[in-house]
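Before any comments, here is the structure.
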Amino acid sequence: MSEPTIHFYDLHPPLTDLKAEVLTGLSGQPKTIPPKFFYDEYGSQLFAQITELPEYYLTRTEIAILQEHGEEMVSLLGNECLLVELGSGSSQKIRLLLDALQPAVYMPIDISKKHLWQSVQMLAIDYPDLEIHAVCTDYSGQFHLPYHPDNKPKAAFFPGSSIGNFDPPHAQELLQQVAQLLGSDSTLLIGVDLKKDPQRLNAAYNDATGVTAAFNLNLLTRINRELNANFELSRFEHQAFYNEKPGRMEMHLVSNTPHEVKVGGQTFEFVTGENIHTENSYKYTVAQFQNLANAAGLQPEQVWIDPAELFSVHCLRV
Ligand code: AVI
């Protein structure tokens, strides 16, 4: 058996300033906390549970699309390519692509050094012939690929409708950055949640067992722990609803009583019904997303959707 090759590049992503961002967000009107702070250790575990919930159709539908159309995707992405994965958390999905595509090089990019290191160790056991170049950085920031073979087509995989957590101008900017990173004649395979019956959407973010509520409230537990704050979780309720006009699911934490909270030495007042806006998750029609891609300078080449028209996977050419 050949020895797996792992190259690890730590580009030292700047530490996010939780305190500054939370204090700024809570000082605004309405109050906000950025969704990137959901993903501490426990938050990441809760998100993994969300992806298995019966109501949260996104993950399983995207996997079914990848399984169903893998061969066609391979013909567009090209064998023997350099496969970049943006935000490599979902090892199940990448395994499907690695099996179908058999890339020469796999380049996972993730901000969490620990998770990235653990996941490439596991992958190297199962794919001993795969050359892995793992990059620890924030994929939404500016950086260059540290390994850039000229003789291989480049393809990137951005699954899970993570693009939906950026508002459309930022989503467009991110697509432009990815295009620049990959260079011309490369491809981007991207999972995007579709617009649909709001009832279905509302159920996906208000699951019966309360995992999404726990995921949302865990933000306050994290802030209590890391910023020495005194949020009482029983004073807040999870709220998630589809906002038709901007076309997005919104998550909020709503105060059920008038009270004060101390965070990082500052005091914040809450009135009954006041909310902290914690996440947007934009939904697109196929045409809307193709327009966004075009505006970012990427050409829509193919799109696959499931029979129930819940989710889309786009292939875009740079
Ligand atoms: C990671 N992201 C695409 C998820 C979403 O659906 O927007 C995060 C999430 N929020 C609540 N449930 C899942």
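Basis for what follows: all heavy atoms, side chains included, without hydrogens, waters or symmetry-related copies. Counting starts at 1 for both ligands and their atoms, following the listed order. The structure presented is a predicted model; accordingly, all values stated were derived computationally and were not measured.
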Original post:
Would you say Asp306's side chain and Phe311's backbone share a donor-acceptor pair under 3.5 angstrom?
Top reply: yes
Original post:
Passes salt bridge (Lys or Arg N to Asp or Glu O under 4.0 Å), Arg248 versus Asp167? Steps please.
Top reply: CA-CA 9 Å; Arg248 67 191 190 202; Asp167 60 28; over 6 Å; no
Subject >> Tyr282: partners by ring pair (Phe, Tyr, Trp, His ring centres under 6.0 Å), with sequence neighbours left out >> reply: none
Under 3.5 Å, N/O to N/O: give me all the pairs between ligand 1 and the protein, one per line with atom names and distance.
{"unit_1": "ligand 1", "atom_1": "2 (N)", "unit_2": "Asn165", "atom_2": "OD1", "d": "2.9"}
{"unit_1": "ligand 1", "atom_1": "6 (O)", "unit_2": "Tyr56", "atom_2": "OH", "d": "2.5"}
{"unit_1": "ligand 1", "atom_1": "6 (O)", "unit_2": "Tyr205", "atom_2": "OH", "d": "2.6"}
{"unit_1": "ligand 1", "atom_1": "7 (O)", "unit_2": "Asn165", "atom_2": "ND2", "d": "3.0"}
{"unit_1": "ligand 1", "atom_1": "7 (O)", "unit_2": "Ser281", "atom_2": "OG", "d": "2.7"}
{"unit_1": "ligand 1", "atom_1": "10 (N)", "unit_2": "Glu279", "atom_2": "OE1", "d": "2.8"}
{"unit_1": "ligand 1", "atom_1": "10 (N)", "unit_2": "Glu279", "atom_2": "OE2", "d": "3.3"}

Original post:
With ILVMFWY side chains joined below 4.5 Å, transitively, what does Val303's cluster contain besides itself?
Top reply: Leu194, Val286, Ile305
Distance-only check: which donor-acceptor pairs under 3.5 Å involve side-chain atoms of residues 19-28, not counting sequence neighbours?
{"unit_1": "Glu21", "atom_1": "OE1", "unit_2": "Lys36", "atom_2": "NZ", "d": "3.2"}
{"unit_1": "Glu21", "atom_1": "OE2", "unit_2": "Lys36", "atom_2": "NZ", "d": "3.0"}
{"unit_1": "Thr24", "atom_1": "OG1", "unit_2": "Ala20", "atom_2": "O", "d": "2.7"}
{"unit_1": "Ser27", "atom_1": "OG", "unit_2": "Leu23", "atom_2": "O", "d": "2.6"}

Subject >> Cluster check Leu66, Trp304: I/L/V/M/F/W/Y, side chain < 4.5 angstrom >> reply: yes
